[in-house]
Amino acid sequence: MMSGKGNISKNKSTGLPRKRFYRARAHSNPLSDSHFPVPLSPQHVDYSIHFPQIFPSSDRSGDARRIEFADIGCGFGGLLISLSTLFPEKLMIGMEIRDKVTEYVKERILGLRTTNPGQYQNVSVVRTNSMKYIPNYFEKSQLSKMFFLFPDPHFKEKNHRRRVISPFLLDEYAYVLGAGGIIYTITDVEELGEWMKTCLENHPLFEAITDEEIESDPVVKLLEAATEEGQKVARNGGQTFQAVFRRISLSA
């Protein structure tokens, strides 16, 4: 029976996984303890598991490259897949708490690597709770881009502490983002969009990107187009609310 499911869970023509076999609840409680391995520190992240063609072994002493892009709550990986070819020299990872969705993204990346030799070697995914374990994966100033696309709105006021953008968590994001690094956020919930924008405006280590910079940034165009949620909003004629901010240095 397992082999039968293994065959039908993939598209015969593309070899890519079918989403319906990896469906899960839309959201998970980020404050609950889940059972998955967590590296003790960023030095313990095994790059050979995530990028085997680039790092054949777990010894990274001869290669200074590090993960630079992090998609927090990456969903089914649409943004990561687009970024992988747009920035082929950058290492990037998606962080997703739902096990079935993480498994889908893993299978999707493996399928793309198989059908496109030499491509998609710079992208990976890990199942983890990013609200707890960001410092376990990234060193100070390691990242240049972080993405928070269509996060759980947690509408009830008592649940606002579960939101992935908050004053406390922005301290952690500022720690792992290098000066000049960019946080991209988008939602179709106006109240959440205002919340995220206000949190970023009020934080001393972030400043809003200018309209001219947003217009010229190819990544901004992907925030809606490359994600399943963004495509759904577009089909329904919905509105989205973006906030794009740069990590600044107070010493500058």
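We use all heavy atoms of the structure for the numbers below, so side chains are in, but hydrogens, waters and symmetry mates are not.
Annotation: side chain of Met146 is in contact with side chain of Ile134 (closest heavy-atom distance under 4.5 Å). The side-chain heavy atoms of Glu229 and Leu149, taken from C-beta on, include no pair separated by under 4.5 Å. Considering only heavy atoms from C-beta on, Leu91 comes within 4.5 Å of Phe51 through its side chain. At least one side-chain heavy atom of Phe55 sits less than 4.5 Å from a side-chain heavy atom of Arg60. For the pair Lys90/Arg65, no side-chain contact is recorded, criterion being any heavy-atom separation below 4.5 Å from C-beta on. Under the 4.5 Å side-chain criterion, counting only non-hydrogen atoms from C-beta, Ile49 is not in contact with Val126. Side-chain contact check for Ile93 versus Phe69: every heavy-atom pair is 4.5 Å or farther apart. With a 4.5 Å cut-off on side-chain heavy atoms, Ile209 and Phe245 do not count as touching.
The minimum heavy-atom distance linking Val45 with Pro39 is given by the pair CG2-CG, 3.8 Å. Between Glu172 and Pro135, the shortest heavy-atom contact is OE1-CD, 3.7 Å. Between His154 and His160, the shortest heavy-atom contact is O-CD2, 3.2 Å. Closest of all the heavy-atom pairs between Gly75 and Val101 is O-CG1, 3.1 Å. Here the closest non-hydrogen pair linking Glu96 and Cys74 is OE1-N, 3.5 Å.
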Start with the C-alpha gap between Phe147 and Leu80, add the side-chain angles, then the distance that decides, and say whether side chain to side chain contact (heavy atoms under 4.5 Å, CB included) holds.
CA-CA 10 Å; Phe147 301 91; Leu80 286 168; over 6 Å; no
Test Thr102 against Lys106 for side chain to side chain contact (heavy atoms under 4.5 Å, CB included), laying out the working first.
CA-CA 6 Å; Thr102 306; Lys106 286 181 181 179; 4.1 Å; yes
Are Leu170 and Phe168 close enough, and set up right, to give a side chain to side chain contact (heavy atoms under 4.5 Å, CB included), and what steps lead you there?
CA-CA 5 Å; Leu170 282 177; Phe168 170 74; over 6 Å; no
May I have the step-by-step check of ring pair (Phe, Tyr, Trp, His ring centres under 6.0 Å) for Phe206 and His203, ending in yes or no?
CA-CA 6 Å; Phe206 290 99; His203 197 284; 5.3 Å; yes
Go through Leu205 and Arg247 one step at a time and tell me if the side chain to side chain contact (heavy atoms under 4.5 Å, CB included) criterion holds.
CA-CA 6 Å; Leu205 292 177; Arg247 164 73 158 90; 3.7 Å; yes
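Summarising the geometry, atom CZ belonging to Arg113 is positioned 8.0 Å from atom CD belonging to Gln53; distances are rounded to the nearest 0.5 Å. Leu112 CG to Glu107 CD: the interatomic distance, rounded to the nearest 0.5 Å, is 11.5 Å. Taking CG of Asp152 as the reference point, atom CG of Asn159 lies at 8.5 Å (rounded to 0.5 Å). The NE2 atom of His50 sits 5.0 Å away from the OG atom of Ser124 when rounded to the nearest 0.5 Å. Within the model, atoms CD of Glu89 and CD of Glu68 stand 10.5 Å from one another, a figure rounded to the nearest 0.5 Å. We find the CG-OG1 distance between Leu79 and Thr227 to be 7.5 Å, quoted to the nearest 0.5 Å.
Side-chain N or O atoms of Asn122 include one that pairs as donor or acceptor with a backbone N or O of Phe87 at under 3.5 Å. With Glu215 contributing its side chain and Glu212 its backbone, the two residues share no donor-acceptor pair below 3.5 Å. Side chain of Asn236 to backbone of Gly238: no donor-acceptor contact under 3.5 angstrom is found. Side chain of Gln121 to main chain of Pro52: no donor-acceptor pair is present (N/O by atom type, distance under 3.5 Å, no hydrogens or angles).
For Asp46 and Ser48, the side-chain atoms include at least one donor-acceptor pair closer than 3.5 Å. A donor and an acceptor atom, one from each side chain of Gln119 and Ser84, are nowhere located under 3.5 Å apart. In summary, the side chains of His44 and Asn136 do not present any donor paired with an acceptor at a separation below 3.5 Å, with no hydrogens or angles considered.
Note on Ile248 and Leu200: separate hydrophobic clusters, where clusters join Ile, Leu, Val, Met, Phe, Trp and Tyr whose side-chain heavy atoms are under 4.5 Å apart, directly or indirectly. Under the 4.5 Å side-chain heavy-atom criterion for Ile, Leu, Val, Met, Phe, Trp and Tyr, Val233 and Val220 are members of the same hydrophobic cluster. Connection of Tyr133 to Leu40 is not established within any shared hydrophobic cluster, with ILVMFWY side chains joined at heavy-atom distances below 4.5 Å, either directly or through further cluster members.
Cation-pi check for Arg127 over Phe36 is not met; the charged atom does not lie both under 6.0 angstrom from the ring centroid and within 45 degrees of its normal. Remark: Arg66 is not positioned above the aromatic ring of Phe138, lacking an NZ or CZ atom under 6.0 angstrom from the ring centre and at most 45 degrees off the axis.
Counting heavy atoms of neighbouring residues, nucleotides and ligands inside a 6.0 Å radius, atom NZ of Lys140 does not exceed 12 of them. Few gaps surround CD on Gln43; more than 12 heavy atoms of other groups in view lie less than 6.0 Å from it.
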Output side-chain donor-acceptor pairs under 3.5 Å for residues 173-192, partner residues at least two apart or in another chain, one line each.
unit_1 : atom_1 : unit_2 : atom_2 : d
Tyr173 : OH     : Val164 : O      : 2.7
Tyr184 : OH     : Lys145 : NZ     : 2.9
Tyr184 : OH     : Asp217 : OD2    : 2.6
Thr185 : OG1    : Ala243 : N      : 3.3
Thr185 : OG1    : Ala243 : O      : 2.9
Thr187 : OG1    : Val189 : N      : 3.0
Glu191 : OE1    : Arg163 : NH2    : 2.7
Glu191 : OE2    : Arg163 : NH1    : 3.3

